[in-house]
Visitor: 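The structure's right below; bear with me while I get my questions together.
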Amino acid sequence: MSCPATTSFSELLGVCVDRYSPQDICAQENAVRECSRGASLLAHPQLCHRFYNCSLVVETSSILGRYQDECPYPQYFDTLEKVCKPYSEVSCLDRLEVKDKCEYSKAYECTDVEHCEDCQAVFPSCQGLTDGIYPNPEKLWTAFSLTCRDERVATFSCPRLLDMPGIFSPRAKKCVSLYEVSSSDNFLGRKPTCESKLPGTYPVLQDPRVYYSCPGPQVVYCPDGSVFSQQTQTCNAP
């Protein structure tokens with residue numbers, strides 16, 4: 001019989017177990033043998049981001065097996081220098097190159113178990129995407145976005161703008177203020193409307209540093225230290 005994909009047969013337990021898990025005894029036998037012979041650090045035979053540390057007395061994670069540890073995301077373990085290095089500087093050869101952050105067992109830790117988000121909601125996959133900035137598909141029209149480089153992910157949070165939470169706009173592909181966000185996209189949105197207004201330029205009543213033009217509306221911000229004047233139709237000193 002054959003075990004399902006991503007599993008191995010455990011002779012000890014008599015069942016198929018997740019490959020590379022603590023129950024996958026076959027993947028650990030060689031490391032245990034080498035550690036008993038006096039080795040210190042060993043590369044994982046199948047995974048480029050994991051390694052064996054013979055000095056570990058206890059498991060570093062419930063997902064990792066005996067002596068196993070892993071590099072910080074997105075580093076890989078170098079078999080020659082026996083250290084974790086940037087992925088671009090490591091030759092993995094036959095070892096699997098894991099790219100998703102959620103496939104690193106220690107990359108996402110949440111202490112508040114009752115309110116923990118799914119890892120993929122916090123760190124979506126960048127596999128198949130070209131380098132660039134993308135909206136988080138699980139958090140559209142929020143402050144959160146992601147930057148993809150070499151199919152690896154880094155999350156980004158927009159700073160506060162005009163003393164309000166910044167929002168990442170999937171349309172503009174950048175951080176914007178709430179004055180560029182409609183209430184239908186985010187209930188906090190304050191985007192002005194041009195309904196019943198003639199073509200022209202109008203101030204945003206809630207904030208004199210912002211104005212907009214119709215038709216549109218097209219929101220514009222005054223330079224720092226200035227406010228919009230309805231009389232002159234320009235930004236001037238307060």
Visitor: Does a side-chain heavy-atom distance below 4.5 Å link Ser145 with Leu140?
Guide: no
Visitor: With salt bridge (Lys or Arg N to Asp or Glu O under 4.0 Å) as the rule and sequence neighbours excluded, what pairs involving residues 141-151 come up?
Guide: Lys99-Glu151
Visitor: By salt bridge (charged side-chain N to carboxylate O under 4.0 Å, His left out), which residues pair with Asp118, not counting sequence neighbours?
Guide: none
Visitor: Hey, are Tyr221 and Ser177 close enough side-chain-wise for a donor-acceptor pair under 3.5 Å?
Guide: yes
Visitor: Nearest 0.5 Å, what's the CG-NE2 distance between Leu96 and His44?
Guide: 10.5 Å
Visitor: So do the side chains of Gln218 and Tyr212 get within less than 4.5 Å of each other, counting heavy atoms only?
Guide: no
Visitor: Holding to side chain to side chain contact (heavy atoms under 4.5 Å, CB included), I want the full list of residues that pass it with Val83, two or more places apart in sequence or in another chain.
Guide: Glu81, Lys85
Visitor: Indicate every side-chain donor-acceptor pair of residues 187-196 with a distance under 3.5 Å to a residue at least two apart or in another chain.
Guide:
{"unit_1": "Thr193", "atom_1": "OG1", "unit_2": "Glu195", "atom_2": "N", "d": "3.1"}

Visitor: Please give the remaining members of the hydrophobic cluster of Ile133, linking ILVMFWY side chains under 4.5 Å, ordered by chain and number.
Guide: Phe168
Visitor: How long is the span from the SG atom in Cys119 to the CD atom in Glu103, to the nearest 0.5 Å?
Guide: 10.0 Å
Visitor: Start with the C-alpha gap between Tyr134 and Thr147, add the side-chain angles, then the distance that decides, and say whether side chain to side chain donor-acceptor pair (under 3.5 Å) holds.
Guide: CA-CA 6 Å; Tyr134 296 86; Thr147 301; over 6 Å; no
Visitor: Decide yes or no on side chain to side chain donor-acceptor pair (under 3.5 Å) for Ser125 and Asp100, but give the supporting numbers first.
Guide: CA-CA 6 Å; Ser125 174; Asp100 287 353; 2.8 Å; yes
Visitor: Hey, are Ser226 and Asp224 close enough side-chain-wise for a donor-acceptor pair under 3.5 Å?
Guide: no
Visitor: Between Tyr52 and Tyr67, does the ring centre distance come in under 6.0 Å?
Guide: no
Visitor: So Tyr211 and Phe228, would you call those rings parallel, tilted or perpendicular, with 30° and 60° as cut-offs?
Guide: parallel
Visitor: Is the ring centre of His49 less than 6.0 Å from the ring centre of Tyr104?
Guide: yes
Visitor: Are Glu180 and Arg171 ion-paired here, with the side-chain N under 4.0 Å from a carboxylate O?
Guide: no
Visitor: Side-chain donor-acceptor contacts of residues 199-208 below 3.5 Å, not counting sequence neighbours, with atom names and distances?
Guide:
{"unit_1": "Tyr202", "atom_1": "OH", "unit_2": "Leu198", "atom_2": "N", "d": "3.3"}
{"unit_1": "Tyr202", "atom_1": "OH", "unit_2": "Leu198", "atom_2": "O", "d": "2.7"}
{"unit_1": "Asp207", "atom_1": "OD1", "unit_2": "Arg209", "atom_2": "N", "d": "3.0"}
{"unit_1": "Asp207", "atom_1": "OD1", "unit_2": "Arg209", "atom_2": "NE", "d": "2.9"}
{"unit_1": "Asp207", "atom_1": "OD2", "unit_2": "Arg209", "atom_2": "NE", "d": "3.4"}
{"unit_1": "Asp207", "atom_1": "OD2", "unit_2": "Arg209", "atom_2": "NH2", "d": "2.8"}

Visitor: Thr142 versus Asn136: any side-chain heavy-atom pair under 4.5 Å?
Guide: no
Visitor: Return yes when atom NZ of Lys82 has more than 12 non-hydrogen atoms of other residues, nucleotides or ligands closer than 6.0 Å, and no otherwise.
Guide: yes
